[in-house]
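Here the structure comes first, spelled out in structure tokens, and everything after it is commentary.
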Amino acid sequence: MSDYNLIGKRMPRVDSRSKVTGKVRFTADLNLPGMLVGKVKRSPYAHARIVKIDTSKAKALPGVKAVVTGEDTEGVKWGVFAYTRDQQFIQMEKVRYIGDEVAGVAAVDEETALKALDLIEVEYEELPAVFDPLEAMASKGPLIHDDFPDNINVHVNIDTGSVDENFEKSHYIREDTFVAAEESYFQAEPYAVVARFDEEDCLEVWMPNGGPHMKSKPLSNAFKIPLHKVKVKKIAIGGAFGGRSEICPVDYICALLAKRTKAPVKIQFTREENTIATRQGHSMIVTHKTGVDKEGQVLARETTCYMDGGAYSSTGPIATSVPFLSMEQAYRMGSVRYNGYRIYTNKPIRGMIRVHGRAFACGVDTQLDMIADHLSIDPVEIRLKNSRQPGEYTSTKSQVSSCAMDETILKAVEKSKFKEKWGKLPAYHGIGIGTNSVQTGFPMGIRGGSQAFIKFNEDGEATVMSGVVDNGQGNDNMLVQIAAEELGLLPEDIHLVSADTETTSSDPGSYSQVSTFVGGQAVQVAAKNCKKRLFDVAAKILKVEPDTLAAKNRMIYVKDDPEKSIPIKKVVRIALLNFTSVNAQGGYWPKVDMKREWVSNPFGQMCEAFSFGTTIIEVKVDPDTGQVEVLEATAVQDVGKALNPLVLEGQFEGSIAMGGQANLTEYHDWKDGRVLNPTMLEYKLPLACDMPPKINNIIVESVDPKGPYGAKEAGMSIAMSAAQAYAAAVSNAIGVYLDSYPLTPDKILAAIKKKQEEEAKQGAKKARVN
Amino acid sequence: MRLPRFEYLEPDDLTQALDMLASHKEDVKIIAGGTDLLVRMKNQLLTPAFVMSMKQLSGLSYIKNHDDTLTIGAKTTLADIVDSDDIQEGYTALAQAAERVGAETIQHHRGTISGNILQDTRCIHYNQSRFHRSGRQPCHKDGGKICYARDEGDRCYSTYQGDMAPALIALEAKVVLSKKDGKRTINLSDLFTSDGFHPFSIEPDELLTEIILPKQKNNSKSAYQRLSYRSAIDYPITSAGVMINSKAEKIKKARIVVGSMSRAPLFMVKASETLAEKSLTDIDAFKEAAGIAMDNAGTFAVHNAGSTLEYRCDMTFVMVLKALEQAAGIEK
Ligand SMILES: Cc1cc2nc3c(=O)[nH]c(=O)nc-3n(C[C@H](O)[C@H](O)[C@H](O)COP(=O)(O)OP(=O)(O)OC[C@H]3O[C@@H](n4cnc5c(N)ncnc54)[C@H](O)[C@@H]3O)c2cc1C
Ligand code: SF4
């Protein structure tokens with residue numbers, strides 16, 4: 001496998017230079033001639049009926065070019081699934097959270113647009129609002145959505161059978177509840193959209209996105225225009241993390257304003273809007289009941305989870321399933337019953353986020369540690385006893401092919417010296433382990449596959465067209481690296497055209513960890529096909545059989561006789577002179593069970609590959625303040641194959657920050673449905689100076705049989721397991737299993753104090769007995 | 001976010017500046033580094049007609065060592081304070097406070113000592129965008145009649161979260177307030193009104209021009225401790241500035257000031273007095289003082305600065321104790 005030129009090499013990303021020098025342009029940087037400024041009027045009430053909207057004063061303000069309300073829309077409702085279409089792009093009857101869109105304005109400048117917002121008069125009739133999922137379920141007040149009784153938006157029920165019997169057979173059973181507050185993405189780039197209709201009435205639109213094709217389809221539906229008339233364009237993106245996957249109402253509002261004004265319109269979010277009006281992570285309450293045998297093997301598990309979904313469905317059915325899936329992939333369970341409820345509340349909309357289900361995942365691992373404690377076995381042993389093995393099926397009947405979960409555990413244990421440290425560290429000093437598994441892809445129907453096109457130019461350079469989008473994780477580099485590897489070119493010879501719905505084919509997008517596996521693989525197939533055409537021509541010139549040829553460093557040469565060679569450029573030119581084109585296409589469609597559905601049929605092959613990660617964290621807790629100092633992090637992931645270790649290490653470290661360090665401080669604070677910490681100052685995003693002084697990154701390669709070069713999901717398994725490891729390490733340091741996330745100093749200190757009080761009481765009792 | 005419209009004034013010297021203040025009074029706001037003012041203006045918490053910059057008043061940027069005082073010009077940046085050996089050695093608490101303000105790259109170089117002292121009191125319900133504050137009644141500080149931080153609060157309890165003032169008050173700082181026809185020198189502690197709506201006793205036509213730090217007799221050591229969730233870009237949720245004046249290992253005078261727990265820095269008279277004549281190594285005495293400080297500060301605090309009230313109170317004890325130990329030279 002080591003005969004690759006570029007694959008597996010530490011290659012600086014193709015986009016690094018333009019990003020660090022500030023040359024790259026993001027949506028907010030776009031300035032089109034005659035462009036107007038768009039602004040959105042949002043509801044200041046958490047739940048209210050719209051009685052009347054009067055836009056006449058706003059329209060009369062000089063400089064205002066258009067004002068739109070729900071009346072101006074086709075009334076189309078958005079929802080990821082046919083059964084979750086519950087969100088209008090501009091509300092007409094009711095608003096359901098503080099921030100809900102009620103009108104849009106386009107004006108000559110920002111000041112005028114803001115003034116116009118103030119001049120729009122909206123009369124509301126306030127309705128009782130609910131902010132807590134359990135209260136929302138029990139509420140006798142008006143439903144948030146009339147057709148969802150008890151405010152239950154989604155109920156996912158998974159039952160493998162035999163759960164009750166297996167609990168009866170269990171040697172030890174425990175039931176624990178874990179809670180986590182909502183968190184936000186805080187992408188470096190606040191959301192922005194630019195839209196215009198061109199001279200052929202095509203909608204051109206730029207915005208950060210998790211998949212351009214996932215934006216074009218709803219826009220085509222909303223405007224009732226054919227797909228080819230919606231051109232989602234490529235633009236640099238400053239982070240997504242799950243928060244840019246779906247259509248955003250302002251995409252539509254911006255386009256509608258552009259249509260009305262016949263001018264380009266730009267809407268740029270404030271940091272606050274980015275926090276409240278895109279997506280947030282779900283808060284949740286999770287109860288795990290687990291039964292094990294004498295050795296600590298899980299025989300039965302019953303999990304009930306209540307997720308605060310906010311005002312609309314968003315990716316509801318997926319969001320309600322993913323935490324469960326990560327658990328069932330990582331750990332074998334004799335039997336399992338899951339009831340996941342996503343509840344509507346009058347809070348901002350929740351979507352997918354990197355550590356999707358802090359309470360869920362941290363709960364599973366914390367409870368395993370508790371069980372191990374009870375059985376007097378160590379945390380490593382109990383994980384190895386229950387860890388996923390290659391070839392097995394998950395509880396919902398997905399076969400796991402490549403799997404090096406045990407190797408990730410063992411390598412992390414060795415590197416971190418877990419065995420030497422566990423139970424032997426000084427007081428308030430702790431070490432903890434977390435393991436997790438993330439799926440490479442979801443069943444996505446007709447949008448599950450990706451296709452790529454490659455054409456050679458007469459100068460011997462190639463253009464690669466792919467629908468894959470780069471949110472900042474390095475997908476562009478990945479595509480270039482694969483194409484250059486296969487075609488025998490250098491990275492700088494590849495011109496990438498990507499993430500543009502006009503020129504590239506449908507692609508699943510970058511939010512199911514599938515970009516390399518599916519999109520990268522499509523490029524690999526296309527490049528192989530293209531290479532075959534080059535070799536056919538070159539073989540004739542070199543008078544050898546095509547299968548004796550190889551390509552490298554812009555040359556095609558005979559494998560056994562490398563002196564016998566010809567520059568690729570020359571081959572292209574000879575081909576063209578001989579009436580042969582040098583281009584090709586290729587695609588990849590993962591073989592998943594198309595009948596699998598999130599709610600109605602949650603069984604069958606979920607995706608083709610699964611990744612596995614282990615994180616070990618060592619901490620010191622200040623017993624006076626409850627503050628945590630992280631001493632060392634060890635992140636180990638089975639990524640199948642590391643295409644570019646340099647990029648992967650960046651992903652691992654980012655995951656320690658976003659998954660782990662964030663689990664110490666990140667949460668939203670509320671007052672009556674208002675987010676009290678919408679900005680980077682009040683929301684405690686970890687800074688570079690908060691990061692562990694030492695991070696050990698270890699890449700494990702199980703070489704997936706289906707993945708391109710053996711690659712699969714990379715990075716997310718660290719984000720998830722890091723959250724768990726932080727929880728375990730802090731719990732270990734203070735000798736109390738913590739069940740509420742994030743692990744803020746006040747909670748840690750309260751746990752320490754409670755423990756000291758209990759010990760004092762027990763000490764007193766003992767003294768009395770003596 | 002946009003700044004509301006205003007007219008920008010840039011006086012060439014102090015006289016001109018004081019003239020401008022005298023003629024525009026309430027309509028003008030002074031901008032030093034702008035790192036507090038501009039954020040509030042963007043949130044439209046205030047919309048002054050005039051903003052007068054101190055940019056050209058370079059004469060107000062200095063740290064001068066005199067026989068019995070050290071004086072600091074109002075426009076001196078936090079970075080200059082951190083860099084000053086005189087302050088690091090003689091007024092350690094002040095240097096420690098400056099070091100922890102905001103982000104080193106922004107607040108330390110733009111932020112000034114006068115702006116730091118005169119930064120407005122804060123509250124998570126108030127320091128928010130106009131959108132956030134809409135759709136509900138305005139609170140006291142916002143010109144209304146209710147308080148979101150304390151049930152049935154009849155006034156504003158916004159918290160003074162500045163880092164420098166608690167240290168400066170512990171060091172017995174005085175400030176010079178200049179206006180067109182004269183100037184007055186007052187104790188820094190008297191600059192604070194303890195009114196959340198109107199936290200300072202400075203007049204609209206006055207400019208804070210100088211900070212005066214007395215030179216302490218005997219052996220004098222100071223320290224500043226503060227707590228936040230993050231290691232930078234984070235206001236303190238509680239803090240303590242202390243000074244210990246000692247002779248022959250006995251404490252002659254102690255000053256304990258608690259910050260971020262009330263509408264003004266709190267000079268803890270009782271807690272400070274308990275330390276008189278105690279030994280520099282008397283940890284129990286320090287604990288007792290810290291306990292009194294915590295109890296007293298706790299009665300002022302409301303839940304409006306993040307974290308939890310209980311935690312902030314508990315941590316006040318820890319901050320005071322740590323600061324006292326540090327000033328007394330007790331290594332931990
Ligand atoms: C993200 C962020 C984090 C921060 N963190 C901290 C922190 O941790 N600790 C902390 O203490 N502060 C913090 N601050 C607040 C502020 O940045 C600092 O206090 C800074 O020192 C203020 O100085 P300035 O010169 O920028 O003030 P300015 O904004 O220029 O002024 C502040 C106020 O003082 C008035 N003023 C200024 N100079 C004079 C004068 N000479 N006479 C009369 N009135 C005057 C102004 O009119 C204004 O009302 C933070 C701010 C931000 C945005
Ligand atoms: S303490 Fe009360 S009145 Fe003062 S700013 Fe906060 S909410 Fe407003």
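Chain A is the first sequence line, chain B the second, and so forth, proteins listed ahead of strands; every chain is numbered from 1. None of these values were measured; they are calculated from a predicted model.
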Seminar exercise, completed: Most heavy-atom pairs under 4.5 Å with chain B, out of A:Leu664, A:Ile98, A:Val675, belong to A:Val675

Exercise. Side chain, backbone, both or neither: which part of A:Lys684 has an atom under 4.5 Å from a heavy atom of chain B?
Worked result: both

Problem set entry | A:Leu114 versus chain B, the contacting section by heavy-atom distance below 4.5 Å | side chain

Problem set entry | Contact leader toward chain A among B:Glu310, B:Arg136, B:Met1, where contacts are heavy-atom pairs under 4.5 Å | B:Arg136

Problem set entry | Within residues 116-134 of chain B, residues adjacent to chain A where the heavy-atom gap is under 4.5 Å | B:Arg122, B:Ile124, B:His125, B:Gln128, B:Ser129, B:Arg130, B:Phe131, B:His132, B:Ser134

For this session: Indicate yes or no: does A:Glu273 engage A:Arg42 in a salt bridge with an N to O separation below 4.0 Å.
Result: yes

For this session: Check each atom of A:Gln268 against the heavy atoms of chain B and say whether the ones under 4.5 Å are side chain, backbone, both or neither.
Result: neither

Exercise. Would you call B:Asp142 and B:Arg40 a salt bridge, using N to O less than 4.0 angstrom?
Worked result: no

Problem set entry | Modelled atom types, side-chain donor and acceptor of B:Tyr235 and B:Ser228, under 3.5 Å | no

Exercise. Is it true that A:Glu101 and A:Lys41 make a salt bridge, defined as a side-chain N closer than 4.0 Å to a carboxylate O?
Worked result: no

Problem set entry | Cation-pi, A:Tyr741 ring and A:Arg358 (6.0 angstrom, 45 degrees) | no

For this session: Below 4.5 Å from any heavy atom of chain B, which atoms of A:Thr679 appear? Answer side chain, backbone, both or neither.
Result: neither

Exercise. Just by distance, with hydrogens left out, do A:Ser184 and A:His668 show a side-chain donor and acceptor under 3.5 Å apart?
Worked result: yes

Exercise. Does B:Arg226 come within less than 4.0 Å of B:Asp163, counting only side-chain N to carboxylate O?
Worked result: yes

Exercise. Yes or no on ring-ring contact (aromatic ring centres under 6.0 Å, His included) for A:Tyr683 and A:Phe186, after CA distance, side-chain angles and deciding distance?
Worked result: CA-CA 9 Å; A:Tyr683 185 87; A:Phe186 280 85; 4.4 Å; yes

Exercise. Is the shortest distance from a Lys or Arg side-chain nitrogen in B:Arg100 or B:Asp234 to a carboxylate oxygen in the other one below 4.0 Å?
Worked result: no

Seminar exercise, completed: d(B:Arg230 CZ, A:Leu687 CG) to nearest 0.5 Å is 4.5 Å

Exercise. Using a cut-off of under 4.5 Å for heavy-atom pairs, which of A:Glu126, A:Arg271, A:Lys753, A:Glu110 has the most such pairs with chain B?
Worked result: A:Glu110

Seminar exercise, completed: Max heavy-atom pairs within cutoff under 4.5 Å with chain B, candidates A:Thr270, A:Leu681, A:Asp669, A:Thr665, goes to A:Leu681

For this session: Could you tell me which portion of B:Phe317 (side chain, backbone, both or neither) has an atom closer than 4.5 angstrom to a non-hydrogen atom of chain A?
Result: neither

